[in-house]
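Because only heavy atoms are used, hydrogens play no part in the values below, and waters and symmetry mates are left out as well, while side chains stay in.
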Amino acid sequence: MKIFEKGRAVGIKHWLALLLSFVAAVCMWYAISVRDQLEAQLEVNIDYHGIPAGLVVTDGLISKITVRLRGPVALLRAIPQHRLNESVDLSHITKGVTVVPFTGESIGPALRAFEVVDIQPPRLVVRADALVERSVPLKVEVRSPLRGGALKVEDIKARPDTVILRGPESVLLGIDSLPVEITLDPKASDTRVQTSVILDTPSLVTASPTTVQVGYSITSGRTVVSRRCRVAWAGSSEGLRLEPQEVRILVEVPEALARSADYLDKLKVLVTPPRLEPGQSRSVPIDYRLPDGMSLLQPAPTSVMVSRAPLSAPAAGQ
């Protein structure tokens with residue numbers, strides 16, 4: 001009889017412990033899941049995976065979405081906002097337009113403990129095109145900082161002369177050739193130039209190879225011209241004078257521009273006015289402003305003397 005009563009007492013204790021545990025669990029659930037509910041707005045970074053082979057997405061992808069959540073304060077505050085990243089599966093998209101909705105399930109497991117109130121934008125409108133390859137020739141385009149014909153260029157060759165482009169079908173259908181721009185050195189003459197050029201392709205289009213070698217010959221020459229130039233002030237020069245007021249220099253220019261007054265007049269000889277007291281003088285450096293393609297030959301004057309007149313002496317008897 002005592003054994004029976006002892007066993008019943010032990011059983012009651014177990015039931016009481018179980019009941020207390022259940023009550024504690026309910027209280028904890030209430031404290032976490034029911035009491036102190038809060039809404040929060042978070043930014044979630046979006047990555048993409050599963051894009052089908054043979055397709056390229058041309059438009060519609062975004063880098064982040066804004067998610068409005070409702071849930072317990074403690075859990076919301078524990079979310080590591082700087083590391084909210086979700087991956088969106090695009091394996092079901094097709095050529096053309098595909099609508100990809102955002103739902104609480106689609107943005108991954110990190111936020112499933114909360115009620116998703118709103119997602120902005122609520123969907124993606126993804127545009128995809130066929131990914132194709134096409135061989136196109138290169139078209140070398142010459143750019144010169146000088147007027148047309150001042151530099152003569154011959155024997156232009158690009159190696160290789162064709163490249164393979166890879167990208168959206170709709171874009172490649174409109175490309176018959178790929179331009180390659182080269183800018184001439186305005187001071188070059190009678191020389192063969194070899195240069196490496198990085199190909200510039202439209203958005204979403206890649207080229208193979210990405211770099212080509214372009215060679216060309218500059219057959220125009222250069223000549224020496226003597227110029228007498230008036231020294232000009234680069235600022236207010238009231239009360240100042242300079243010596244000499246003109247300088248003679250030798251410059252080298254492209255042959256085609258040696259008789260061009262418009263071109264030669266672009267040469268400027270400037271002096272910045274210094275701060276001088278009455279009666280003071282100072283040697284001031286010359287600033288030569290040369291147009292593209294012109295070189296200053298040495299020796300050339302490097303400075304002029306700038307002076308300020310002394311104050312007038314008072315008249316006798318005053």
Side-chain angles (χ1 to χ4, degrees), residues 140-154 156 180-198 200 214 216-318:
V140 180
E141 298 178 355
V142 178
R143 299 282 185 265
S144 174
L146 304 179
R147 73 182 192 187
L151 296 176
K152 295 180 180 179
V153 182
E154 299 178 357
I156 302 175
V180 180
E181 292 189 2
I182 57 172
T183 301
L184 303 179
D185 179 0
K187 296 182 180 180
S189 67
D190 297 322
T191 185
R192 180 70 182 173
V193 179
Q194 292 284 343
T195 184
S196 179
V197 180
I198 299 175
D200 185 16
V214 178
Y216 55 93
S217 297
I218 297 179
T219 58
S220 55
R222 293 173 65 80
T223 188
V224 177
V225 177
S226 176
R227 297 288 293 169
R228 180 179 291 275
C229 302
R230 186 173 183 83
V231 181
W233 295 104
S236 176
S237 61
E238 183 178 358
L240 298 177
R241 65 173 182 233
L242 54 82
E243 185 67 31
Q245 296 184 352
E246 289 185 341
V247 295
R248 179 178 291 277
I249 58 176
L250 296 178
V251 292
E252 187 182 67
V253 300
E255 287 180 344
L257 299 177
R259 298 180 182 274
S260 172
D262 290 341
Y263 176 74
L264 296 176
D265 287 344
K266 293 179 180 178
L267 167 61
K268 304 297 180 183
V269 181
L270 302 176
V271 169
T272 300
R275 291 180 177 272
L276 295 177
E277 298 296 329
Q280 284 187 332
S281 299
R282 182 184 302 172
S283 177
V284 179
I286 295 175
D287 181 15
Y288 291 98
R289 305 284 179 88
L290 308 178
D292 287 335
M294 181 180 290
S295 299
L296 180 66
L297 300 182
Q298 301 298 333
T302 59
S303 64
V304 294
M305 186 63 65
V306 179
S307 60
R308 183 180 293 277
L311 294 175
S312 300
Q318 293 186 351

Under the side-chain contact (heavy atoms from CB on, under 4.5 Å) criterion, do Leu250 and Ser226 qualify, and how do the steps go?
CA-CA 5 Å; Leu250 296 178; Ser226 176; 3.6 Å; yes
Please lay out, stage by stage, how Val271 and Trp233 fare under the test side-chain contact (heavy atoms from CB on, under 4.5 Å).
CA-CA 5 Å; Val271 169; Trp233 295 104; 4.1 Å; yes
Backbone N/O of Leu276 and side chain of Arg308: donor-acceptor pair under 3.5 Å:
yes
How many angstroms lie between CE in Met294 and NZ in Lys187, if you round to the nearest 0.5 Å?
10.0 Å
Quick check: closest heavy atoms across Asp292 and Pro186, and the distance to 0.1 Å?
C-CB, 4.2 Å
Closest approach of Thr195 to Tyr216 (non-hydrogen atoms, all atoms of both residues)
CG2-CE2, 4.3 Å
Among Thr223, Leu267, Val224, Leu290, exactly one meets side chain to side chain contact (heavy atoms under 4.5 Å, CB included) together with Val253. Which residue is that?
Thr223
Just wondering, more than 12 heavy atoms not from Arg289 lying within 6.0 Å of its CZ?
no
Nearest-0.5 Å distance, CG of residue Leu240 to CD of residue Gln280
11.0 Å
Donor-acceptor pair, side chain of Ser217 and main chain of Thr219, under 3.5 angstrom:
no
CZ of Arg248 to CZ of Arg228: how many Å apart, nearest 0.5 Å?
4.0 Å
Of all the heavy-atom pairs spanning Val231 and Pro244, show the shortest one and how long it is.
CG2-O, 4.1 Å
For a quick test of reading the model, state the closest non-hydrogen atom pair linking Leu146 to Pro254 and the distance between them.
CD1-CG, 3.7 Å
Pairwise distance CG(Asp185) to CD1(Ile218) - rounded to 0.5 angstrom
6.5 Å
Gln298 atom CD, neighbour heavy-atom count above 12 within 6.0 Å
yes
What is the distance from atom CG of Asp287 to atom NZ of Lys268, rounded to the nearest 0.5 Å?
13.0 Å
Could Lys152 and Asp190 be called an ion pair, given the rule that one side-chain N must be under 4.0 Å from one carboxylate O?
no
Which pair of non-hydrogen atoms, one from Tyr288 and one from Val247, has the smallest distance, and what is that distance?
OH-CG2, 4.4 Å
What do you reckon, is CZ of Arg275 surrounded by more than 12 foreign heavy atoms closer than 6.0 Å?
no
Nearest-0.5 Å distance, CZ of residue Arg227 to CG of residue Asp265:
5.5 Å
Closest heavy-atom contact between Thr191 and Ala188?
CG2-CB, 4.2 Å
